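These figures come from a predicted structure and were not determined experimentally. Order of the sequence lines sets the chain letters (A, B, ...), proteins ahead of strands, with each chain counted from 1.
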Amino acid sequence: MTVRTRFAPSPTGFLHIGGARTALYCWLESRRRGGQFILRIEDTDRERSTDVAVQAILDGMHWLGLDADEGPFYQTQRLARYKQVADELVAAGKAYYAYESKEEIEAMREAAMQAGEKPRYNGYYRDRNEPFRDDPNRVIRFRNPAEGSVVFEDKVKGRIEIANSELDDLVIFRSDGWPTYNFAVVVDDIDMGVTEVIRGDDHVNNTPRQINIYHALGAPVPEFAHLPMILDQEGKKLSKRTNAVSVMDYREQGFLPHAILNYLVRLGWSHGDQEIFSREEMIALFDIADVNKAASRFDTEKLAWLNQHYLKTDEPQSFVAEFEWHLQRVGVDITKGPAPVEVIAALRERVHTLKEMAERAKIWYGPITAWDDKAVAKHLGNASAPGVLEAARALLAACEWKPAAIHQVIEQLAVQLELGMGKVAQPLRVAMTGTQVSPSIEDTIYLTGREEAIRRIDAAMAMAHA
RNA sequence: GCUCCCUUCGUCUAGUGGCCCAGGACACCGCCCUCUCAAGGCGGGAACACGAGUUCGAGUCUCGUAGGGAGCGCCA
């Protein structure tokens, strides 16, 4: 039987980083084993599900390149099927109607807590054999086995056993006519032939209940793998308030999708000492059974390192489009400056993100907007600066406009004026950028363009004399 | 409260009884290189939560303690 995994988010928010890792692992597991990856939107919570969130999740998945083989399926479109299965369960005596109000249930829970027990349903209607009646409080509850225990071998956590006496008769159909999560997932996973259920470990405690439903339905139980949580830098639960949680936030911060994937694949999983994984390597080497049991923290510094690694080793062509997206976001008109690929070549070793790259590229697409006083004083205010600028102006007006040729001009200048490279390059750097930090001087000048470079030297000469 | 789960450098991790006075990576510090900033090279500090056991031998097995997390919904 072929392996089928599924990613089943509920559309109540954006695709967050933990969900992205779950999706990645599902995707990798299906890819390595030659199976299928299914996307299913769990939108039975009519109160909180939104179309905006559905779109955000789809966009996030697409941006990461985690394309599904099947779906997206929507649970809201499968209502008739859930009803049918629930009715079968009731007919077979494996589920029953119950009529307590929410308030009554709440009171029941509190009473149980008082008595030092788990808060749960007391089973009032379990053996009452109450027939269907039209009642606003009517729900369908699953008749959970009273005896024995449920045991399963989790591919991440290992053997897990929970006594049925710990489980109560959960609601599988709400009074509003919609199925609950625990029921809908099982019906869907059976119908969709899911063989590997890979999800967050906040679902571990639901698994025994679901296994009981599989049994009641006479369906084969899939394999389970529960992934530990991803915590923030402080070891706290990731929260929208203090962390970037949406994968699209990471896009805005200038991270490459592949860097995020590489970071995520190593968070909780490893292959010896290897840190860098191409898409193909991930697929070939990843195994859900090798995932760690413990929660891990999200370390933006390491993500930044990976991002830079890909920035400086990937073919610039492969991410120019993404870079141009960032250039536009910082208000750059890319027709008014150098080709973005050339900017990438100059900056890729000096920044960690595309956002940073775009910020620093601004100086080549428009006038210098700010002068660093210290830089001006130090490098334009010294004795040799005017001579350097003047000589450079003359040579740059005539040389071939290529970084290598410009480099020669600078060197020639240093020899001619009997100055160190620093004395020659720094005044020019300040002239080109208004600051004392930039890529190599020849790249900086080259990207500025001849006309503009000369204009900036003129401006700098005025400042040097003043 | 009850149930389930987790615990190796600051962080991500290697490690499946001897190869470990614990390896790699990020971060940090130092040196080198150098037109600035980076990148790169070299080097450094830094961990088996604790306590009992089992064993000739334990980071690795068992039990306990402590700490952390998740769940206990007509949310997913």
Touch class at under 4.0 angstrom, heavy-atom based, for E100(A) against every strand present: base
Pair of N/O donor and acceptor under 3.5 Å linking rG71(B) base with D202(A) side chain: no
Given rC4(B), rC12(B), rA76(B), the nucleotide with the shortest approach to the side chain of R297(A): rC12(B)
Nearest-neighbour nucleotide for the S10(A) side chain, rC12(B), rA76(B), rA39(B) considered: rA76(B)
Between C1' of rC4(B) and NE2 of H203(A), the distance in whole Å: 15 Å
Distance-only donor-acceptor test, R120(A) side-chain atoms vs rC72(B) base atoms, 3.5 Å: no
Interatomic distance at P, rG24(B) relative to rA58(B), whole Å: 25 Å
OP1 or OP2 of rG1(B) under 4.0 Å from side-chain N/O of Q114(A): no
rU13(B) OP1/OP2 closer than 4.0 Å to side-chain N/O of S296(A): yes
Rounded C1' spacing from rG59(B) to rU7(B) in Å: 12 Å
Sugar-phosphate only, base, or nothing, as touched by Q308(A) at under 4.0 Å among non-hydrogen atoms: sugar-phosphate
Nucleotide paired to rU3(B) in any strand shown, Watson-Crick or G-U, under 3.5 Å: rA70(B)
Position toward the 5' end of RNA chain B (nearest nucleotide), K293(A) or S440(A): K293(A)
Spacing between N292(A) atom CG and rU8(B) atom P, to the nearest angstrom: 9 Å
Rounded distance (Å) that lies between atom P of rG71(B) and atom CD of E166(A): 17 Å
Sugar-phosphate only, base, or nothing, as touched by P439(A) at under 4.0 Å among non-hydrogen atoms: base
Under-4.0 Å side-chain N/O to phosphate OP1/OP2 contact, S438(A) with rC37(B): no
Sugar-phosphate, base or nothing in reach of L267(A), heavy atoms under 4.0 Å: sugar-phosphate
Sugar-phosphate only, base, or nothing, as touched by K118(A) at under 4.0 Å among non-hydrogen atoms: base
Heavy-atom side-chain contact between R21(A) and I17(A) under 4.5 Å: no
Geometric class of the H226(A)/F152(A) ring pair [parallel <30°, tilted 30-60°, perpendicular >60°]: perpendicular
R126(A) NZ/CZ over Y96(A) ring centroid, <6.0 Å and within 45° of normal: no
Closest-nucleotide 5' rank along RNA chain B - winner of R159(A) and R266(A): R159(A)
Distance flag, aromatic centroids of Y25(A) and F286(A), threshold under 6.0 Å: yes
C1'-based separation of rG10(B) from rA27(B) [nearest Å]: 8 Å
Counter-base of rA49(B), judged by Watson-Crick or G-U geometry with both distances under 3.5 Å: rU65(B)
Sugar-phosphate only, base, or nothing, as touched by E42(A) at under 4.0 Å among non-hydrogen atoms: sugar-phosphate
Rounded P spacing from rU3(B) to rU16(B) in Å: 34 Å
Rounded distance in Å - CZ (R21(A)) to P (rC12(B)): 11 Å
P atoms of rC20(B) and rU36(B), separation to the nearest Å: 42 Å
Whole angstrom value for the distance that separates C1' of rA25(B) from OH of Y310(A): 13 Å
Inter-nucleotide P distance (rA52(B), rG43(B)), Å rounded: 39 Å
N137(A): partners by side-chain hydrogen bond (donor to acceptor under 3.5 Å, both in side chains), with sequence neighbours left out: none
Side-chain-base donor-acceptor pair under 3.5 Å for E106(A) and rG73(B): no
Sugar-phosphate only, base, or nothing, as touched by K423(A) at under 4.0 Å among non-hydrogen atoms: nothing
rG15(B) to rG1(B) separation - P atoms, rounded to the nearest Å: 37 Å
Sugar-phosphate only, base, or nothing, as touched by V171(A) at under 4.0 Å among non-hydrogen atoms: sugar-phosphate
Length of the CG-C1' vector between N307(A) and rA39(B), whole Å: 15 Å
T444(A) vs rU36(B): side-chain N/O to OP1/OP2 distance below 4.0 Å: no
Side chain proximity check, I160(A) to V151(A), heavy atoms < 4.5 angstrom: no
Integer angstrom distance from the P of rC50(B) to that of rU11(B): 15 Å
Counterpart base for rG18(B), defined by Watson-Crick or G-U wobble contacts under 3.5 Å: rC56(B)
Sugar-phosphate, base or nothing in reach of S175(A), heavy atoms under 4.0 Å: base
Out of rA70(B), rC35(B), rA39(B), whichever nucleotide has its closest atom nearest the side chain of M421(A): rC35(B)
Residue-phosphate contact under 4.0 Å: R109(A) side-chain N/O, rC72(B) OP1/OP2: no
Residue pair H271(A) / F277(A), side-chain heavy-atom distance below 4.5 Å: yes
Complementary nucleotide of rG30(B), counting Watson-Crick and G-U pairs under 3.5 Å: rC42(B)
T44(A): side-chain hydrogen bond (donor to acceptor under 3.5 Å, both in side chains) partners, not counting sequence neighbours: none
Whole-Å gap separating P (rG68(B)) and NZ (K236(A)): 9 Å
Length of the CD-P vector between E442(A) and rU36(B), whole Å: 12 Å
